[in-house]
Amino acid sequence: MKNSEKIENKLLKNLKLCTLPLPHRRSLPFEFYWQNSIFTQEKKRIFTDQWLGLGRADRLMLPGQYEALELCGQALLLIRDQDKALRLYANTCRHRGAKLLEGNGQCQAISCPFHGWTYSQDGVLIHAKEMDKNPNFDFAEHSLIEYDLKEVEGFLFAFIGSESTSLEKQLGDFAKLHKPWALNDLVTTRRQAFEVQCNWKAFLDVFNEYYHLNNVHPTSIDNLYWKPEESDITSGDYASQFGLTSGTGALLEAQQLSALSKMASLTEPWSLGARYSWIFPNMTFAASQEAIWVYEATPISSERCQIRQSICFPKSTTELPDFNEKSLAYYQRLDDAMSEDIIALENQHKGLRNSPSLQGQFSPLMEENVASFSNWYATKMI
Ligand code: FES
Ligand SMILES: [Fe+2]
């Protein structure tokens with residue numbers, strides 16, 4: 001079936017305006033932030049055709065440690081096996097489909113709560129009561145469905161579509177650009193999940209632009225951020241922009257005295273600012289002087305998203321005697337700024353929902369990562 005039969009022709013025409021060179025480029029038409037038919041298309045073109053960010057690998061270090069998570073409506077299970085390899089399965093029993101595990105934890109084996117089928121950590125069915133009485137039953141045919149999973153610079157990437165593409169090509173020069181932050185050496189010290197009443201793209205947009213800072217964060221963090229430099233020209237499917245900060249962007253203006261030591265790997269100018277990067281489509285992070293904080297966004301519907309947030313420090317920082325006390329100020333900065341962003345995002349959603357079909361324009365410099373994403377996204381959807 002042709003695209004035009006799936007997305008209205010008028011919208012497709014408007015989407016082409018998102019691929020124009022700056023400064024002619026337009027933002028995504030408002031329908032792309034709430035219409036169900038668009039969401040259906042995204043599932044095919046964006047979420048099963050790309051490697052998707054799954055956050056940091058170090059959060060599950062011990063054999064049997066797992067996290068149940070959803071990605072674009074698909075229930076997944078991330079688990080570290082006895083050989084210390086991380087694996088990603090459909091969180092779905094091969095018997096009659098029950099969800100196997102919830103939340104986080106550690107287990108010897110994966111046992112289904114419905115009828116008790118049990119799988120080893122490497123996904124093999126090892127116990128299914130009474131099934132030895134079925135002469136046609138073959139345990140080997142009932143392993144968990146496993147997806148491709150890779151780790152790059154401490155980040156996890158999953159491919160949940162049918163035929164995986166090249167992650168190396170998708171990431172391009174990502175590792176080179178972020179080398180100063182020694183991302184492989186970072187340790188996750190807090191991870192949390194929450195939901196926001198907005199489209200998943202709107203959440204990632206706001207994290208990546210400077211334009212809202214003085215309206216939305218006037219007394220919390222706005223004064224920390226200088227005007228950013230131009231976005232980097234990257235060779236992969238990601239956008240990145242660096243800007244200098246007064247003090248550190250990782251703490252509230254009022255709590256700058258709680259700063260922990262800067263990452264030892266950083267030299268100037270990187271030690272004097274923050275880099276905001278967006279790995280298309282669904283993962284973004286800020287790399288500051290002392291820490292990075294990462295967001296994975298996944299749609300629950302076209303109008304609601306789930307966000308998973310992690311904050312990570314160099315291992316040496318986490319071993320400092322005052323780390324536990326001082327890290328609280330970092331967590332507070334994330335929570336306070338996020339509360340302000342959520343108010344802005346949910347207000348934006350109410351405004352664009354069922355509105356006339358409109359497309360904004362981008363402020364040069366202040367919204368460059370958002371403009372890059374809009375271009376990338378439109379190219380995938382047209
Ligand atoms: S659905 Fe899992 S054992 Fe029946
Ligand atoms: Fe913000």
Side-chain angles (χ1 to χ4, degrees), residues 68 75 77 89-102 107 109-120 123-134 137-139 141-145 194 196-228 241 243 245 248-253 274-278 284-288 292-295 297 305 307 309 311 330-349 363 365-370 373:
L77 176 63
Y89 300 115
N91 194 359
T92 304
C93 183
R94 291 297 305 270
H95 176 222
R96 277 168 47 207
K99 192 171 175 187
L100 294 163
L101 293 174
E102 289 280 356
C107 63
I110 303 160
S111 190
C112 178
F114 202 176
H115 312 96
W117 282 24
T118 302
Y119 306 83
S120 62
V124 177
L125 180 65
I126 51 175
H127 172 71
K129 65 190 174 194
E130 307 288 337
M131 294 309 281
D132 54 340
K133 302 197 174 66
N134 180 341
F137 187 77
D138 183 356
F139 276 66
E141 284 178 15
H142 294 83
S143 296
L144 294 178
I145 302 298
F194 51 91
V196 186
Q197 189 69 48
C198 72
N199 184 272
W200 64 279
K201 300 185 293 296
F203 181 90
L204 294 162
D205 284 346
V206 79
F207 184 75
N208 275 280
E209 49 102 337
Y210 286 73
Y211 204 34
H212 72 289
L213 290 177
N214 61 350
N215 292 87
V216 175
H217 308 293
T219 58
S220 54
I221 55 170
D222 173 50
N223 289 314
L224 303 170
Y225 287 88
W226 298 23
K227 244 186 190 182
Q241 189 171 29
T245 53
T248 171
L251 288 169
L252 295 168
E253 290 169 22
R275 176 175 284 293
Y276 280 74
S277 298
W278 183 346
T284 190
F285 66 98
S288 78
I292 72 164
W293 53 105
V294 187
Y295 292 94
C305 58
I307 307 300
Q309 176 204 64
I311 180 165
Y330 286 81
Y331 305 155
Q332 190 186 346
R333 179 264 187 246
L334 290 191
D335 295 343
D336 286 9
M338 184 49 56
S339 302
E340 293 169 343
D341 281 326
I342 288 174
I343 291 168
L345 283 165
E346 297 191 342
N347 172 62
Q348 177 196 20
H349 189 75
S363 155
L365 210 58
M366 308 296 268
E367 295 179 290
E368 285 192 350
N369 278 4
V370 183
F373 175 76

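One-based numbering, in listed order, for ligands and for the atoms of each. Note that the structure is predicted; figures quoted are calculated from it, not measured.
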Contacting atoms of ligand 1, where contact means under 4.0 angstrom from a heavy atom of [X]:
X: Trp117; answer: 3 (S)
X: Gly116; answer: 3 (S)
X: Ala98; answer: 1 (S)

*Name of the residue among Phe207, Trp278, Tyr276 meeting ring pair (Phe, Tyr, Trp, His ring centres under 6.0 Å) with Phe373*: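 Result for ring pair (Phe, Tyr, Trp, His ring centres under 6.0 Å) with Phe373: Trp278.
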
_Within-4.5 Å side-chain heavy-atom neighbours: Glu340 and Ser220_ =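 Touching, per the 4.5 Å side-chain cut-off.
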
*Considering only heavy atoms from C-beta outward, does the side chain of Leu77 approach that of Ile110 to under 4.5 Å?*
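Of all side-chain heavy-atom pairs linking Ile110 with Leu77, at least one is under 4.5 Å.
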
*Would you mind naming the N, O or S atom of His95 nearest to atom 4 (Fe) of ligand 1?*
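Restricting His95 to its N, O and S atoms, the minimum distance to atom 4 (Fe) of ligand 1 goes to ND1.
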
*Write the atom name of the N, O or S atom in His115 that is nearest atom 4 (Fe) of ligand 1.*
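Restricting His115 to its N, O and S atoms, the minimum distance to atom 4 (Fe) of ligand 1 goes to ND1.
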
*Give me the one residue out of Asn223, Leu224, Asp222 that meets side chain to side chain contact (heavy atoms under 4.5 Å, CB included) with Leu213.*
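Going through the options one by one, the only one that passes is Asp222.
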
*Of Trp117, Phe114, Tyr119, which is the lone residue that meets side chain to side chain contact (heavy atoms under 4.5 Å, CB included) with Leu100?*
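Among Trp117, Phe114, Tyr119, the one that satisfies the side chain to side chain contact (heavy atoms under 4.5 Å, CB included) with Leu100 is Tyr119.
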
*Please report the shortest heavy-atom distance between His349 and Asn199, naming the atom on each side.*
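Taking His349 first and Asn199 second, the nearest heavy atoms are ND1-N, 4.0 Å.
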
*Metal-centred angle, NE2 of His217 through the Fe ion (ligand 2) to NE2 of His212, rounded to 10 degrees*: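 Answer comes to 100°, rounded to 10°.
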
_Any N/O/S atom from Cys93 (main chain or side chain) under 2.8 Å of atom 4 (Fe) of ligand 1?_
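Checking atom 4 (Fe) of ligand 1 against Cys93, no N, O or S atom falls under 2.8 Å.
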
*Has Cys112 got an N, O or S atom lying less than 2.8 Å from atom 4 (Fe) of ligand 1?*
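For Cys112, the answer is no, given that no N, O or S atom comes within less than 2.8 Å of atom 4 (Fe) of ligand 1.
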
_Is it true that Tyr295 and Gln309 share a donor-acceptor pair across their side chains at a distance under 3.5 Å?_
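There is such a pair between these side chains.
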
*asked:* Looking only at protein heavy atoms, which one is nearest to atom 1 (S) of ligand 1, and what is the separation?
replied: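 It is Arg96 N, 3.4 Å.
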
*So does Asp341 have any N/O/S atom less than 2.8 Å away from the Fe ion (ligand 2)?*
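Short answer: yes, at least one N, O or S atom is under the cut-off.
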
